[in-house]
S.K.: 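Here's a structure for you.
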Amino acid sequence: MAKKIASARIGTESSELLKELNNSFPFDKVLYREDIEGSKAHAAMLAHQGIISNDDLSSITDGLNKILEEIESGSWKLKGDDEDIHMAIEGRLTSKIGDAGKRLHTARSRNDQVALDFRLFVQRQTKEISSLLVKLISTFVDIAKDHTDTLLPGMTHLQHAQPINFGYHMMAYASMFKRDYERFISSYDRNNFSPIGCAALAGTPHPIDRQMTASILGFKAPTLNCLDTVSDRDFALEILFNISTMMMHISRLSEELILWSSSEFRWITLSDRHSTGSSIMPQKKNPDIPELLRGKTGRVNGNLIALLTVMKGLPLAYNKDMQEDKEGVFDSVNTAKLSIMVLDEMLGQMTVNSSRMENACMVGHLSATDLADYLVKKVGMPFRDAYHIVGNVVNLAEEQGLDISELSLNDLQSIESRIQEDVMAVLNNRSSMNARTSEGGTATARTLEQIESMQTWMDSIK
Ligand code: ARG
């Protein structure tokens, strides 16, 4: 009976159930590019070090190139009984080129091979997600530029609090996604070290050159300690955490978009291209996209917790539990990329109903804090006293069914005689917004500053 390529001691054919449980080929086939690239770099290094011949190197390289072509053209469907992508490619290579194919695995184990392939994959996806984030940030900046004078009620506890402008609100999200971008990039830099050459766990007696493979594959350097390297899945946990945090931001925005597109608010209208209907209620236009984005956040959080849980009790070094690292990462990465793209497109095509936003500012006495600040500045009143006086003003406005900005000077003076004509400008919502000129504040001038600073940052990372 032919020996299974990775089972020198195992005589009988594996149980079908074992194969179903054990084989990762059905999902880790996604890593074929990384596996072929890693093998080519490893073979080049082996030949350079005189561990395999140059003839073997050229058969290996040609064979691997052909296999890549077969996969990409669809002539090899990446299906079959192989245990994983690594064994599948090695097996196919050996069936094409014979003994040279069997020499490829010198000074290498699947433990460092899978650590390499998966890390390369994660690094590449990190870069892809980062570029999508930059595009998303520029969409927020574009919307912000058009709305630095569009008033809306800023809220706390989902209650009207103080007037802000919509550009400022958009720049809050731009700032969140900038942090996400930076988090992805710092993970990239922290993990940009090459696992290959660590072999099973302890290194190898062959005279390999890990610097060479690291540099061929675009890593900064080889990793420091091989035992750690084959045991480490922090890079996978980091991309999962980074995606979860980013999706949490997307989810918070989605929640706002859902509220804002409801009849109660109608501050925005999602384009028909991004709305769905109801099967029974002909009038409905539903915000399914932001609802799904909010829902997908639960799913990526699950992937993060799953891998944290897989890893938490494992002794060093490789354990097969670690094969459970991949599907969650593949799923989170696909979810993240699709989510950013769909969000970006939807934001670019939504309508901002500026007048509805502005009208909403006439509810909730948004300039109450401004009146208190006026009394502090004008009359030298302690803030806490001013706060209580404004409480009485608000009660009066409520009795009359008005917003405090609509009260007459007489009414205001009936509560505090030192209030003068110049209060009217203070109570106006637009003045209130523009009065918040402290650094990072909402005043149009400060919002424009934030836009400019974000733009300078975007130029700096081009
Ligand atoms: N398919 C395995 C995984 O994804 C590859 C590593 C297997 N190594 C081993 N010693 N069994 O984790």
Side-chain angles (χ1 to χ4, degrees), residues 3-39 41-42 67 71 78-94 102 104-125 191 194-204 213 217 223 226-240 303 306-333:
K3 284 263 179 241
K4 296 186 262 183
I5 43 178
S7 315
R9 284 196 58 224
I10 299 175
T12 41
E13 177 68 12
S14 302
S15 136
E16 284 307 312
L17 288 175
L18 175 138
K19 287 188 208 161
E20 196 173 331
L21 179 70
N22 187 46
N23 290 6
S24 54
F25 191 35
F27 53 86
D28 68 14
K29 61 186 181 186
V30 172
L31 299 174
Y32 72 87
R33 252 184 253 112
E34 287 77 11
D35 195 73
I36 289 173
E37 233 170 278
S39 289
H42 181 67
I67 291 174
I71 298 172
L78 291 179
K79 275 197 194 123
D81 223 11
D82 297 282
E83 196 178 321
D84 54 31
I85 185 68
H86 324 293
M87 301 321 303
I89 290 178
E90 188 187 318
R92 194 157 183 101
L93 181 67
T94 301
K102 297 191 209 156
L104 172 61
H105 211 57
T106 314
R108 181 173 82 168
S109 150
R110 266 187 302 161
N111 298 349
D112 59 338
Q113 190 177 358
V114 72
L116 168 67
D117 294 2
F118 197 31
R119 193 182 292 226
L120 273 178
F121 175 86
V122 165
Q123 292 293 82
R124 282 168 190 177
Q125 297 302 322
N191 293 306
S194 172
I196 194 71
C198 280
L201 74 161
T204 169
T213 36
L217 294 165
T223 55
C226 290
L227 183 60
D228 170 48
T229 303
V230 290
S231 313
D232 172 28
R233 291 295 180 272
D234 293 0
F235 59 95
L237 287 165
E238 284 192 38
I239 199 172
L240 290 173
N303 291 333
L307 186 56
L308 281 169
T309 312
V310 165
M311 296 305 293
K312 72 176 258 300
L314 299 185
L316 306 187
Y318 180 84
N319 299 270
K320 198 60 175 264
D321 317 45
M322 290 160 73
Q323 183 166 283
E324 291 295 313
D325 58 0
K326 289 175 204 64
E327 286 160 291
V329 168
F330 297 156
D331 180 61
S332 282
V333 160

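Order of appearance sets the numbers: ligands from 1, and atoms from 1 within every ligand.
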S.K.: Would E83 and R110 pass as an ion pair if we require N to O under 4.0 Å?
M.R.: yes
S.K.: Please tabulate, line by line, the atom pairs linking an N/O of ligand 1 to a protein N/O at a distance below 3.5 Å, with the distance in Å to 0.1, or answer 'none'.
M.R.:
from, atom 1, to, atom 2, distance (Å)
ligand 1, 1 (N), S24, OG, 3.0
ligand 1, 1 (N), D84, OD2, 2.9
ligand 1, 1 (N), Q323, OE1, 2.8
ligand 1, 4 (O), K326, NZ, 2.5
ligand 1, 8 (N), N111, OD1, 3.1
ligand 1, 10 (N), N111, OD1, 2.9
ligand 1, 12 (O), Y318, OH, 2.4

S.K.: Report, as yes or no, whether the 6.0 Å neighbourhood of atom NZ on K320 holds more than 12 heavy atoms from other residues, nucleotides or ligands.
M.R.: yes
S.K.: Just checking K102: does its NZ atom have more than 12 heavy atoms from other residues, nucleotides or ligands closer to it than 6.0 angstrom?
M.R.: no
S.K.: Quick check against the 3.5 Å criterion: does R119 have a side-chain atom that pairs as donor or acceptor with the backbone of N191?
M.R.: yes
S.K.: For the side chain of D84 and the backbone of H86, is there at least one donor-acceptor N/O pair under 3.5 Å apart?
M.R.: yes
S.K.: Apply salt bridge (Lys or Arg N to Asp or Glu O under 4.0 Å) to D117 and list each qualifying residue two or more places apart in sequence or on a separate chain.
M.R.: none
